[in-house]
Number of protein chains: 2
Amino acid sequence: MMELTRKGEYAIRGIIYLAQQQPGKVSLISEIAEASGAPQSFLAKIFQSFAKLGIVSSFRGTGGGFTLGRSPASITLREVVEAVEGPIIPNRCLLDGGVCDRGKDCKVHPVWRTVQTQVTQILESVTMEELARK
Amino acid sequence: MMELTRKGEYAIRGIIYLAQQQPGKVSLISEIAEASGAPQSFLAKIFQSFAKLGIVSSFRGTGGGFTLGRSPASITLREVVEAVEGPIIPNRCLLDGGVCDRGKDCKVHPVWRTVQTQVTQILESVTMEELARK
DNA sequence: ACCTTCAAGACTATTTTAGTCTTTTTATAA
DNA sequence: TTATAAAAAGACTAAAATAGTCTTGAAGGT
């Protein structure tokens with residue numbers, strides 16, 4: 001239960017790789033893919049969505065590739081995970097402000113809310129800067 | 001991310017329904033299914049596995065059905081969830097004692113370990129007795 | 001012009017989820 | 001002892017999510 005997908009793993013490894021490079025250094029997707037053990041074209045898709053979110057910056061043509069879009073210290077694990085896996089929602093009831101069709105006296109609801117809060121906090125507290133340290 | 005499946009939801013609702021009945025009262029699967037809004041034959045499968053684990057007791061023939069296998073206070077949400085969804089493992093690396101192919105210097109590993117511990121503790125601390133109260 | 005690199009979108013295979021249906025076993029009751 | 005009532009077991013199916021691949025296009029560099 002609650003398993004990160006391969007997509008999520010590749011995403012994290014790829015971003016950490018970028019965070020470990022010298023600031024401003026542009027890395028090819030082929031290079032990132034090899035370093036993180038991810039299929040290149042799959043990782044390319046992931047990084048495309050990161051580029052849209054500003055987590056990475058992309059450059060085309062000769063000498064192109066990817067760099068981090070912001071400082072490693074400002075990118076949290078939560079942001080990376082949610083970018084590829086969607087929001088952290090342990091239960092459908094927690095969608096849309098948490099209105100559950102099972103009524104207000106559902107005792108399970110607040111438990112999942114707690115899980116959601118805790119997990120979010122843990123992932124929020126970890127930055128790429130920390131994860132990049134060797 | 002980290003979403004409980006329908007199976008998990010049905011399982012929880014079904015067990016709570018049983019926990020709300022008078023101790024010793026036998027409930028038909030058709031009755032539990034209706035009360036919990038689950039497809040009967042699907043819920044039957046779920047309760048079959050619960051019976052094997054001793055979470056519920058089953059009785060065949062006329063007057064048969066299901067009761068809780070133990071006191072509601074001794075059945076935790078964690079037990080119910082893990083019975084249907086498998087162990088709480090946010091990352092593959094945490095399997096088999098936590099040996100990750102990416103080496104010991106993987107900084108992400110302990111984060112997922114923390115998530116695992118926290119979620120497990122939260123679910124462990126909630127019993128069916130509490131959830132059954134109206 | 002030509003080459004390099006990412007962007008976008010269509011496509012596919014595998015696995016997981018979410019069930020259904022049929023047959024068998026066990027128990028009760030007439 | 002036969003009928004009936006229920007769960008157990010197992011085969012089966014449909015839909016969705018995951019985990020990719022492949023082709024073409026667009027942007028930038030030489």
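Chain naming here is simple, since letters A, B, ... match the order of the sequence lines and numbering starts at 1 in each.
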- Message: As a quick check of understanding, evaluate side chain to side chain contact (heavy atoms under 4.5 Å, CB included) for A/Y17 and A/S27, giving each step before the final call.
- Response: CA-CA 9 Å; A/Y17 177 82; A/S27 303; 4.0 Å; yes
- Message: Quick check on D/dA19: is either OP1 or OP2 less than 4.0 Å from any side-chain nitrogen or oxygen of A/Y10?
- Response: no
- Query: Under 3.5 Å, is there a donor-acceptor pair between the side chain of B/Q21 and the main chain of B/V26?
  - Reply: no
- Message: I want to verify a distance call: between D/dG20, D/dG28, D/dT18, whose nearest atom is closest to the A/T62 side chain?
- Response: D/dG28
- Looking only at side-chain atoms of B/K7, point me to the closest of C/dT5, D/dA19, C/dA18. C/dA18
- Message: So if I take every side-chain heavy atom of A/R60 and compare against D/dA26, D/dA7, C/dG19, which nucleotide ends up nearest?
- Response: D/dA26
- Task: Mind listing the residues from residues 43-59 of chain A sitting with a heavy atom below 4.0 Å of DNA chain C? Number order is fine.
- Result: A/K45, A/Q48, A/K52, A/S58, A/F59
- Message: Please check this pair: side chain of A/E3 against backbone of B/N91, looking for a donor-acceptor N/O pair closer than 3.5 Å.
- Response: no
- Item | Short side-chain to backbone donor-acceptor contact, B/E129 and B/S71, under 3.5 Å | no
- Query: Between A/F66 (CZ) and C/dT5 (P), how many Å, whole number?
  - Reply: 12 Å
- For B/S30 and D/dA6, is the shortest distance between a side-chain N/O and OP1 or OP2 below 4.0 Å? no
- Message: Taking any heavy-atom pair under 4.0 Å as a contact, classify A/S41: base, sugar-phosphate, or nothing.
- Response: base
- Note on the structure: A/L28 has its side chain closest, among C/dA18, C/dT5, D/dA7, to C/dT5
